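Below: the structure, in C-alpha cells.
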There are 2 protein chains.
Amino acid sequence: MARPDRLFRLLQAMRVLPAPITAARLAEETEVSLRSLYRDIDSLRAAGARIEGERGYGYRLIEDYALPPQTFDRDEIEALALGLAEVKRMGDPALAKAAASVLAKVAATLPDDREQHLFHAVSQVYRPDARFAAGLDMDLVRQACWREEALAIRYTDKAGATSERTILPLAVVYTEGTLTVLAWCCLREAFRMFRADGISQLRLAGTSFRPRRVVLLREYLAELQGRRTG
Amino acid sequence: MARPDRLFRLLQAMRVLPAPITAARLAEETEVSLRSLYRDIDSLRAAGARIEGERGYGYRLIEDYALPPQTFDRDEIEALALGLAEVKRMGDPALAKAAASVLAKVAATLPDDREQHLFHAVSQVYRPDARFAAGLDMDLVRQACWREEALAIRYTDKAGATSERTILPLAVVYTEGTLTVLAWCCLREAFRMFRADGISQLRLAGTSFRPRRVVLLREYLAELQGRRTG
DNA sequence: GGCCAACTGCCACTTTCTGTCAGTTGGATG
DNA sequence: CATCCAACTGACAGAAAGTGGCAGTTGGCC
C-alpha cells in the first residue's frame with residue numbers, strides 16, 4: 001500500500017509490540033513481504049531511527065527524540081474516554097478518582113477545544129448497560145464525526161418507520177444496549193439519537209459542517225444541562 | 001530524492017521553523033516542487049500528523065498530544081488497564097484495536113518491567129461480568145501489591161470455612177461479579193483468588209516479598225498459558 | 001475587487017517499489 | 001559440528017508510485 005504511511009505504522013508497531021520482535025511478525029503486521037520489510041527497516045534507519053537487529057533474535061527499537069512522538073490517535077482517545085467512563089461507575093472510589101484524573105490529564109494535552117468537546121461529549125453521554133455488537137461500519141461513522149462530514153442514512157425507528165435522512169454526526173455514543181449515533185438531524189432540525197441497528201444504509205454525503213460542529217456540541221451539552229436541572 | 005526520508009525531514013522542518021510557515025517555504029526547504037509539497041503534507045496527515053493549514057496564512061504543526069512519559073501513577077495505570085480491558089470486549093473492532101494500542105503505548109512508557117507485569121496481569125485476568133461494589137479497603141490491598149508487602153487476612157470461602165492466612169498479593173482483579181485479589185497463598189503454597197467479600201480482616205503483615213514478585217507474576221502467567229493450551 | 005496562499009485535478013514521464021527466489025551470516029542450541 | 005533461527009543481501013521484471021507543470025478554485029483579509 002502507501003509506503004510512507006506504512007513506515008509510520010511500522011514505527012508504531014515497533015513501539016507498541018513487546019521487544020524483541022521478528023521481521024516476520026512485523027511483515028505480517030504491516031502487510032508486506034519479508035523482503036520489503038527489510039527494506040522498510042533500512043529506510044527507517046536511514047531516516048534516523050535507531051533499530052537494533054540481532055540475528056536469530058529479532059529487532060529492538062531504541063527510543064529517540066528525533067523520531068515522531070508517540071501519540072494517541074482519535075480512536076485511541078475515544079477508547080480511553082469510554083473505558084475510563086466505565087471504570088468511574090464500577091464502584092471503587094480510589095479507582096474512580098484515578099480514572100477521572102487520567103481523563104483530565106489526557107484532556108489537557110488535546111490541542112484545541114474541538115477535541116475536548118468530543119472527549120467530554122462521549123464520556124458524558126455514556127450510560128451503563130452497553131452490551132452491543134457492532135453491526136455496520138461504525139468506523140465510517142466515527143470518521144465522519146472527526147472529519148465533520150454529513151452522513152446520508154436510511155433509518156428505521158423503533159416504530160418501524162423507515163426514512164432517508166442527512167445527519168451531522170457529533171459523536172458515537174455507547175448507550176442503551178446498543179451503539180448509537182448522536183447527531184443533528186437535518187430532516188427534523190433537532191438533535192437525535194440513531195441506534196446503529198436501525199441504520200440500514202450509510203454513506204458520506206460529501207458535505208462538510210466544520211464551522212457548525214463546535215457550536216452544535218456546545219448547544220447539545222447545554223440542552224443536556226437544561227434537561228437535568230429543569 | 002527518497003520520499004520517505006523527505007517526509008521525516010518535512011516533519012522536522014515544521015517542528016523547527018517558526019509557525020506559520022508557507023508551503024512555498026517548506027517546498028524550498030525539502031527541495032521539491034510546490035505541487036509535491038502539498039502531496040507530502042497530505043501524506044503526513046494521513047499518517048496521523050496534525051497539521052493545520054489556513055488559506056492566505058500558512059501551516060502550523062500541532063505538536064501532537066504526545067504521550068508524556070511517566071505521568072501516570074499506579075492507581076491511574078490500573079484504571080487505564082481496567083477500562084481498556086472493558087472496551088476490548090465491547091465488540092467494536094476498531095475501538096478494541098485502539099484500546100490494545102493504548103495499553104501497549106502506556107506500557108511502553110512505564111519505567112521498569114515490574115510495572116509492566118502488574119499491567120499485563122491485571123488486563124489478562126480481567127473477566128467480563130464485573131459488577132461490584134468495593135466492600136473493604138481495597139486501596140490497602142492495591143498498595144500492598146505495589147509495595148510488595150505480605151497481607152494477613154481472615155478469609156471465608158464459598159463453602160463457609162474460615163481461615164487465617166498470609167498472602168502475597170499480586171494484583172487486584174475485577175472478575176466474577178466481585179473484586180478479587182490474586183495472590184500467592186502461603187498456607188496452600190499455590191496461587192489463589194480471594195473474593196473481596198470473603199475477606200473479613202485485613203492488615204499489612206509487615207514483611208516484604210520484593211524479590212519474589214516478578215517471579216511469581218511470571219509463573220502465574222505461565223500457569224495461565226498452560227491451562228489455556230493444555 | 002484584488003491579493004495571498006492553501007488546495008485540487010489532470011497528464012505524460014520517471015522513478016521507485018514490490019514480490020520472488022536464491023543465497024549468506026552469526027549466534028544459540030543440541 | 002550440525003541444525004535451526006532469523007537477520008540480511010543481490011538480482012530482476014512487472015507494477016505502482018511519485019514527479020513537475022499548469023490551470024484552475026476557494027476562503028479570508030485589506
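Chain A is the first sequence line, chain B the second, and so forth, proteins listed ahead of strands; every chain is numbered from 1. Model, not experiment: these values are computed from the prediction.
- Remark: A:R6 is in phosphate contact with C:dT18, judged by side-chain N or O atoms under 4.0 Å from OP1 or OP2.
- Going from atom OH of A:Y57 over to atom P of D:dC8 covers 14 Å, rounded to whole Å.
- Comparing D:dT26, C:dG19, D:dA7 by their nearest atom to the side chain of A:A23 picks out D:dA7.
- Under 4.0 angstrom from either OP1 or OP2 of C:dG19 there lies at least one side-chain N or O belonging to A:S36.
- Interatomic distance, CD of B:E54 versus CZ of B:R60, reported as 7.5 Å (0.5 Å rounding).
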CA sep, side-chain torsions, deciding dist, call: B:R15, B:Q12, side-chain hydrogen bond (donor to acceptor under 3.5 Å, both in side chains) = CA-CA 5 Å; B:R15 283 230 190 87; B:Q12 274 311 87; 2.4 Å; yes
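- Rounded to whole angstrom, the span from the CG atom of A:L37 across to the C1' atom of D:dA6 amounts to 12 Å.
- Among the nucleotides C:dG19, D:dA6, C:dC10, the one closest to the side chain of A:R39 is C:dG19.
- Taking only side-chain nitrogens and oxygens, B:Y38 never comes nearer than 4.0 Å to OP1 or OP2 of D:dG18.
- As a whole-Å value, the separation of A:L10 CG from C:dT18 C1' is 16 Å.
- Nearest-nucleotide mapping onto DNA chain C: of A:S33 and A:E54, the residue sitting toward the 5' end is A:S33.
- At C:dC7, one or more side-chain N or O atoms of B:R45 fall inside 4.0 Å of OP1 or OP2 (strictly under the cut-off).
- Taking atom CZ of A:R25 as the reference point, atom P of D:dC5 lies 18 Å away to the nearest angstrom.
- Using modelled atom types, one finds no donor on one side chain facing an acceptor on the other under 3.5 Å when comparing A:S36 with A:R3.
- A side-chain N or O of A:S163 and one of A:R165 form a donor-acceptor pair less than 3.5 Å apart.
- Contact detail for B:A150 and B:L168: the closest heavy-atom pair is CB-CD2, 3.7 Å.
- Atom pair B:I41:CD1 and C:dC7:C1' shows a separation of 11 Å (rounding to whole Å applied).
- Side-chain N/O atoms of A:R55 and base N/O atoms of D:dA6 include no donor-acceptor pair closer than 3.5 Å.
- Taking atom CG on A:L34 and atom P on C:dT24, their separation rounds to 18 Å, with Å as the unit.
- Distances shown here put every side-chain N or O of B:R3 at or beyond 4.0 Å from the OP1 or OP2 atom of D:dA16.
- No donor-acceptor contact under 3.5 Å links the side chain of B:R35 to the base of D:dG18.
- We find that CG of A:D42 is positioned 8 Å from P of D:dC8, with the value rounded to whole Å.
- Side-chain N/O atoms of B:Y59 include one lying less than 4.0 angstrom from OP1 or OP2 on C:dC7.
- Taking atom CG of residue A:D40 and atom C1' of nucleotide D:dC8, one finds them 14 Å apart after rounding to whole Å.
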